[in-house]
Structures are given as structure tokens and as C-alpha cells.
2 protein chains.
Amino acid sequence: MAFLIASSSRAEEFAAFARDLDPALDVRVAPNLGKAEEIEYALAWQPPNGLLKTLPNLRLIVSVGAGVDALLADPDLPHVPMVRFVDADLTGRMTEYVALHVLYHHRRMSEFGELQRRKVWKYLAEPAAHEVRVGLMGLGVLGSAAARALGVFGYQVRGWSRSPKSLQGVACYAGPGELDAFLADTDILAVLLPLTPDTHGILDRRLLAKLSRRGRDARLPGPVLINAGRGGLQVDADIAASLAAGELYAASLDVFEAEPLPHSSPLWSHPRVVVTPHNAAESAPAAIVRYALRQIAALRRGEPLQNLVDRGRGY
Amino acid sequence: MAFLIASSSRAEEFAAFARDLDPALDVRVAPNLGKAEEIEYALAWQPPNGLLKTLPNLRLIVSVGAGVDALLADPDLPHVPMVRFVDADLTGRMTEYVALHVLYHHRRMSEFGELQRRKVWKYLAEPAAHEVRVGLMGLGVLGSAAARALGVFGYQVRGWSRSPKSLQGVACYAGPGELDAFLADTDILAVLLPLTPDTHGILDRRLLAKLSRRGRDARLPGPVLINAGRGGLQVDADIAASLAAGELYAASLDVFEAEPLPHSSPLWSHPRVVVTPHNAAESAPAAIVRYALRQIAALRRGEPLQNLVDRGRGY
């Protein structure tokens, strides 16, 4: 049996870790498949459409990312079990990203940065954390971990998910029917949704206009968007338009409709937009490979797999 | 009996909240003392030297800040009980500041900000939180709260304090004898010390040179300093020299030897230095006044005061 690395990035790094961790393992790196019928397991990130179909004895696909939208877009994706990579390393990094950017905007760092560039020493009003409502879209492993970390600072945490959830200390909303109420109850929106046909383009100008715009008592100047999910969730031009119209005050964006973000995008240079290069949770290759090997071992022993993808649901 | 507000800033705001919270209270704002002998309680922030001495029946001084170094510098400070303002509001804001700036440097935001200004989409290696050692100088109420929050992200937290402490999940060092070992064990140093004769100027080039400089395995490029304590703890010129020499990689500084930070300071424009205007924990006036009134009520009932200052120790 053989283990194929079919990844558009870091493939040789993955292979080296796999050989290190299990010297007995027959590790191959696409496109050098060798005898395709020997390959039973694949670690995949944006493989060419149709590649996985050429492996007649494939038993398991491990997605390098937590999001499997790109894999599911392959019309020839074989019908074998597929697991998404979500482990403590990825969850920890995503929690850091969400907490960092919530704190960054709550503490008005874009504005203090601009004052620093002008060498101006000036206070700006900042609310206490308990006066700020952070709304999380997506309450899976990542959203739940982010909710816990935000709770430590005393934020009022709200959550929205496809199906009803119950999380301690989180005001939970569910389904399309409760989305508007959730948005009206949110000052800082942090998005960790999977990309599915239902969520594609959900972050548009109409949605952003529904975020809370509190009156004179509010000490945060306006709503904030943090997208650490998938670029396909958002409409880049709508975010720019919402910012220009003052409906959205600030944003931290790790993902975009097209990546790398084109030079022409106004998002690069908006004074209160933070652009990061899809690195919110860039897990260590060793962690990803270790996870893949654990899933392979579980499959061989007939034990349950972790984070098994439900293809109907899309994640 | 009367309550005097003797504060160089926000005095009228404090007075308005005090009158709101206790309409029966005789609230006065310096320099309009009225009959000085009627004043039994004072809320003080940088009062003119000698002012408090003119109050013959003063029974309690409440410091607006957690640091009382400025009050203790008054050679005529009356020998009445003095409490420092440390409450959940101040502790929460300080915890936010420390966590924000640890995350900011760990996630290399200064460098990503520079890349964004140049519209460059580029990954930079980032360690996992558990690979980063955060050292806290000062393990009082504020340091302990910061340690707890940092622990949630999985950082390796170290602490150093004047006298030995024991905190769960924190490798604790104490006293001058263990300072070098603490520094050698720290990647990101966050300082929350009180300003006393012992700590004055402690953050000099010699100390900064002792911070850990890990070899090729380190994924953070170099040591980081966060000072959210007092400006008198640091030697501004030494920090600039350590940065210029590459001994210190980055810093977040909320306090300075002279405030506002002079235009001529190179710290304003270093690409990896974040300057904030002494706002790490700018508490809401309502919280400060509520705290003062609670201390007054405790004194009247003969109950213990909170955060009573030990003048010998200096905090």
C-alpha cells in the first residue's frame, strides 16, 4: 500500500515528514504516482481535477485544510471517506487569529497606527470588552474554540450556525430565520463558516448593512468584519462599497475571492482594513502529516475517523 | 464630611459620576476646596505637591491609577491609608493590552502590515503559541490575570516577581538572583511592574541583551518587549539602541520616560515598534468612582480596604 501526497503547496515537506514519522511507509508525491493501484491513502490540497479518480484502490482522502470546498468541486471525486484536517494546532492558530483581530479593532489599533505614523499622541475612547458584542458565524470546532477564548476577555459572545447549537456563555442563533436578529446583535462579526452552496457570497453588502449600528452610547465607531473562513463567502467589491459608504467601519480579511489579492483591490489600502495572506491558520506540516497518519491508522484498525466530511452538507 | 477630586485629568467627569452615584455626597473639585477641614476622602491623580497636606481631617486617599509612584513622590504626602485603583475594569483592559500585543508580535503583524502597504502577498513563518515563551515581569493582580489569558492560547508563560510566587501553569522566578535565568527563558517580555526605586530604569540595554536569542530552530525572529507598566521603568534611548543593534526585534510601548513621547524619539517611526498613548488600561471614570465610593464605605464600616499601598514597598 502507498500514501500519495497530492498537494499544490508544501508537497515535498509533507512527504519528508511522513517518511520521518513512518520510515516503513511508501510515500509518493504527485504527479509521480508509480503504480496507481498501490495507492490507498491520499493527503490532498487542490489536486488537479480527476487525479484522485485514477487511483482504483483509494480508501481515504485527508484534506490538508479544514475547508473541503475545493475538493468537492472536483466532479470526479471518488466516493471514498474524506476527512478534513482540524487539530489542536489548526484550532489554536485560528483562535489566535480571531482573538488578535477582535482585540485589534476593539482597541482601535488601525487608528492608533495612523496616529503613530503622524507622531500624534492622542487618546481615543475605547469600550470595555463587556460592552462589545462579538458575533461568530460558524460554531464548529473552530468557532467554539474562538468563543471560549473571547469569553475569557469578557466579550459578549453571540453565535450563528446552520443548525441550532448550545454553547456555554454564547447567545446562539440558528438558521436563515435568525440571521438578521444575530447581525443586529453584533458589533464585531467574525466568520469561520465552511464554503458551501448555501454560504457562497453570503458576506455581501445587504448582510453587512444589517450589522448593529448603535447610537451615541456606542464607543466603537461602527461594525467590524473579520473573515478567516473562505474567500468565496465574501463579495470583495461589496465589502469595499460598505466601507466606502461608512456602513462597515473596519475589517480584517485573511481570504479573498481571488488569491493572491489583486493589486487593483481597494482593500489593500483602506486605512482600517487589515489584509493577511490566508495565513490565519497555516498549520505546521508536521501537524498535518501526523494527523493524516493517525487517520490512516484508525481506518486500518476499523476505528472511527475524525472530522469525516458529510458531502451532502458540504463540510 | 466631603469627598475631594484632586485629579489632573477628567476631574469634572469623576465629580459628575460621584454625584450621580451618591447624591447625598458633598463632592468638591480641587482647587475649590471649600472648608478644607471638612474633606475626609480624596480621589487623586497627580495632585500638586503639598495639596493633600492642607487637609487636616483626611482619612483616605484613593489613587486613580494602579501605580502610586507619582503620589509617593510628594514629600508632604499625609500619613493616611492610601489605596490603588485596581478593579475588574482596569484588570480586564490591561489583560486585553497584553494579550493583543503578544499576539500581534507572535503573529508578526508589523511585518504583515509593511507587506500590506507594499501590496505584497507573502507568507512568513509563524511559530505555534506553545513554541513561544512569554515572560511577565510583575505577578500582582494584573500580571496574574495576563498569565491566565495567555495560558488559554497555549503560550509557555514565565513570571518574575520581587518575592516568590506560585501561579498555576506559570514557571515562576523571583528576585534579582533569578532575573537572568528568567530573561534567558523569555521570547516576549511583557512588563507590568510598579515603579519603585528598585525598578527605576530596569529596562535598559543590559537587561534587553539578556533576553533569549534562540538559534535556527526559533521561528520568531528575535526578542520582543511590551511595556504597559510605567515609563520610568525603561530607558527610552537604550530600547532604541537595542532595536538598532538587532538585539531587540520589536516592541509595544504604552509608556515612556517623558509623555507625550517627544517628536524627536526614534521610537515613533521604527517599523516594528508600536507606540500607544498610555492607554493600555484607561479605565472608565464610572468604574474608578464606584471603586472609590466602595473604599470609603468600607472605611466607614471598619471593613478592610482593597489594594492598600505599602509605602515601604512602593505599591
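In what follows, every heavy atom counts, from backbone to side chain, and hydrogens, waters and symmetry copies are set aside. Protein chains get the first letters and strands the later ones, always in sequence-line order, with residue 1 at the start of each.
- With a threshold of 4.5 angstrom between heavy atoms, A/Ala145 does not approach chain B through any atom at all.
- By the 4.0 Å N-to-carboxylate-O rule, A/Glu96 lies close enough to B/Arg107 to be salt-bridged with it.
- Using bins of under 30°, 30° to 60° and over 60° for the plane-to-plane angle, the ring pair B/Phe153/A/Phe153 lands in the tilted bin.
- With a 4.5 Å cut-off on non-hydrogen atoms, B/Asn279 touches chain A through its backbone and its side chain both.
- Taking A/His130, A/Arg148, A/Glu259 one by one and counting their heavy-atom pairs under 4.5 Å with chain B, the maximum is reached by A/Glu259.
- Contacts between residues 260-269 of chain A and chain B, defined by a heavy-atom separation under 4.5 Å, are made by A/Pro260, A/Leu261, A/His263, A/Leu267, A/Trp268.
- Contact of B/Ala88 with chain A is not made at all, since no heavy-atom distance falls under 4.5 Å.
- For the residue pair A/Gly159 and A/Val170, the shortest heavy atom distance occurs at N-CG1, 3.6 Å.
- For chain A, the option among B/Val120, B/Leu124, B/Val102, B/Thr276 with the highest count of heavy-atom pairs below 4.5 Å is B/Val120.
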Checking B/Phe256 against A/Trp121 for the ring-ring contact (aromatic ring centres under 6.0 Å, His included) test, could you report, in this order, the C-alpha distance in whole Å, the side-chain angles of both residues, the deciding distance, and whether it holds?
CA-CA 12 Å; B/Phe256 301 89; A/Trp121 180 276; 5.7 Å; yes
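- Ring centroid separation for the pair B/His106 and B/Tyr155 comes in under the 6.0 Å cut-off.
- There is a side-chain donor-acceptor pair under 3.5 Å between A/Gln295 and A/Gln306.
- For B/Val152, the part sitting under 4.5 Å from any heavy atom of chain A is the side chain, from C-beta outward, and nothing else.
- A side-chain N or O of A/Arg133 and one of A/Ser212 form a donor-acceptor pair less than 3.5 Å apart.
- Annotation: salt bridge (Lys or Arg N to Asp or Glu O under 4.0 Å) contacts involving residues 112-122 of chain B, sequence neighbours excluded, comprise B/Glu114-B/Arg117.
- A donor-acceptor contact closer than 3.5 angstrom is absent between the side chains of A/Tyr249 and A/Asp187.
- Only the side chain of B/His101 comes within contact range of chain A, with at least one heavy atom under 4.5 Å from a heavy atom of that chain.
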